[in-house]
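Numbering of residues begins at 1 and proceeds along the displayed sequence. Being a predicted model, the structure only gives us computed values, none of them experimental.
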Amino acid sequence: MAKQPARPLEELSLWDDARAMLEKAAAEGLETVWDRLEKQKSHCVLCEQGLSCQKCVMGPCRIVADGAKKKNGVCGADADLTVARNFGRFIAAGAASHSDHGRDLLEVLAEVGAGHAPDYKVRDAAKLERICRELGLDPADLDPQGMAKLLADALYSDYGFRRPALSFIKRAPKARRELWDRLELTPRGIDREPVEMLHRTHMGVDCDPASICMHSMRTALADGWGGSMIGTEVSDILFGTPKPATSSVNLGVLRKDQVNILVHGHSPIVSEMILAAARSPEMLAKARALGAAGINVAGLCCTGNELLMRQGVPMAGNHLMTELALVTGAVEMVVADYQCIMPSLTAIASCYHTRFVSTSDKAKFPGGQHVRFTPQNSREKAMEVVGQAVEAFARRDPARVQIPGEQVSLMTGFSNEAILELLGGSLDPLLEAVRSGAVRGLVGIVGCNNPKLKHDYVLVNVAKELIKRNVLVVVTGCATVAMGKAGLMVPEAASQAGEGLAGVCRALGIPPVLHVGSCVDNSRILQLAARLADALGVDIDKLPVVASAPEWYSEKAAAIGLYAVASGIPTHLGLPPNILGSPMVTELATSGLNALVGASFLVEPDPIKAAKALDAIIAARRTGLGLSA
């Protein structure tokens, strides 16, 4: 039987629903992420510092920077080079992950354009036409299918190796683009930069740690202004551009009397079809025949964010809630695509009646069932999978069902288009609020949880401290669930904001924390920052705009943070990346990048101190613009 984690439950999570499920998991002998963290302690110090290397079989090597015997690896690499190599590959993996997500969406768009995806269609033809024109394509006399083919063909070339710059780079301010050109940071291909990073970090290629760090920025930019931006824009075209709507969050969204299906991962390609199947008369009739009142689809992580933004589907939880959602005993099925899906979920599902279904050939899970979804068969497979979930309802053990807590309301759907519409079609009202100090600045607080930190505590308290200081928060990914559960994503939360921000929120009927999407949708924040910079006639690094990843853990999050910094947005991290073994790389990340790109990282696990540091940056940038601090 699993033991209670070494730390008290109150130190593990901010939420009652999470603690209740941790108690239930312990009582039922189930191991969770917190248990496994305790078993892994103490972590290897050299690995945490980025000083271990397994990139060739002359090693593995462990570098002891101040040691007499191990100052260099077998190849001669010192601490700086070893850390830079490791970090470069970390960034390459993160950038490749989000960019591959974008490629999957682009492939669906291309199939729509070719007439080979009968279950998908263009839902925002106006945006499709607008982007075609933005990229210099001529959509005249083309129907949506023809425009889909035109745009897909153009964006496919961004993934290649023959362009001087990516299509959406022109969205960045002119001064920023010129800076990237001078520093040779302009990304030339979404696939080219991660591949070149793998080449550079092979033994005997790039041995200059500073050079590798610079290419890390170029690789990250290929994600933010390339793969992720394509993912966001194509998702809007295919599934609709989000508009403000209301929904709900936490484990209380699960239903005792309904078939509960959780969609998990990052891509909306499958989850949109699962939702459509769950809402079909055929499946609803099947559910009722087995005694269920209906079919309840709820989200986990970023696939949940995608459906929340566009369809108002409730969120059951974020990264550290995924195992605990199954512990409720009320989940018939988890349908997963890829990214941030713990391998442990199949083991936990097997302890209940829960079915675990994977859908992408690049993400298979031993112990689960694999159902291959393609643009040609998605509707058919969705009906098949939902049918299995309905059948699982009959095998549910009511005695093991425990759904803790009540659902909490939230407001969602704040795409850039929706924000502009709220502002009357122009950024001028927001700019005026910034000039007057009613909104002193903006912060993007982004995804992830990490069991090393109290679940959602740092996320929530960074946000609370900043809205008190009249800083508008935009949020993506797993941070969304934290803010929603904390009650910060409803208009009534204006009462927790400073007087100026509260007035703006009440005038517009919005919360002080705006949900802008999933992790790939951090590209919306880049685009919004670029528009604000252009409107003010400055570069992004002059704006009172900052970013924060308070509880990050993944390679993708590191890539997001680095493309934010390379774009001129100072970024807070709750935990450091594995670079502390190199004073040179650490200094470059935390201060040296200011001289190059006008922004850097700050690392602080304490949310109050982090908020104060971010607020000080906002104040300094306001002063630089000639505004009151």
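A donor atom on one side chain and an acceptor atom on the other are not found under 3.5 Å apart for T303 and H266. Side chain to side chain, D80 and S582 meet the donor-acceptor criterion of an N or O pair below 3.5 Å. No side-chain donor from either of D337 and S360 sits under 3.5 Å from a side-chain acceptor of the other. Between the side chains of R89 and T201, at least one donor N or O lies within less than 3.5 Å of an accepting N or O. For the residue pair R200/S211, the side-chain donor-acceptor check at 3.5 Å is satisfied. Between the side chains of S247 and T412, no donor-acceptor pair is found at a separation under 3.5 Å. Residues K464 and Q496 have side chains that never bring a donor and an acceptor to within less than 3.5 angstrom of each other. Looking only at atom types and distance, the side chain of S157 has a donor-acceptor partner in the side chain of R163 under 3.5 Å away. Inspection of the D100 and Y338 side chains reveals no N or O donor paired with an N or O acceptor under 3.5 Å. Between the side chains of N450 and E551, not a single donor N or O lies within less than 3.5 Å of an accepting N or O. Between T32 and E323, the side chains place no donor N or O within less than 3.5 Å of an acceptor N or O (distance only, hydrogens not considered). A donor atom on one side chain and an acceptor atom on the other are found under 3.5 Å apart for D456 and N318. In this structure, a donor-acceptor pair under 3.5 Å is absent between the side chains of S267 and D104.
Of all heavy-atom pairs spanning A599 and P570, the tightest one is CB-N, 3.5 Å. Smallest separation of non-hydrogen atoms from V475 and T480: CG2-N, 3.7 Å.
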Item to check | Working for side-chain contact (heavy atoms from CB on, under 4.5 Å), residues V546 and L442 | outcome: CA-CA 6 Å; V546 294; L442 286 82; over 6 Å; no
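For residues 557-577, every residue pair satisfying the side chain to side chain donor-acceptor pair (under 3.5 Å) rule, not counting sequence neighbours, is listed here: W225-S567, S548-H572. Pairs of residues two or more places apart, or lying in two chains, never qualify as salt bridge (Lys or Arg N to Asp or Glu O under 4.0 Å) while including a residue from residues 598-612.
With a 6.0 Å radius and a threshold of 12 heavy atoms from other residues, nucleotides or ligands, M584 has its CE atom above the threshold.
The side-chain contact (heavy atoms from CB on, under 4.5 Å) with L51 is formed by just one residue from the set V83, N86, N578, L580; it is V83.
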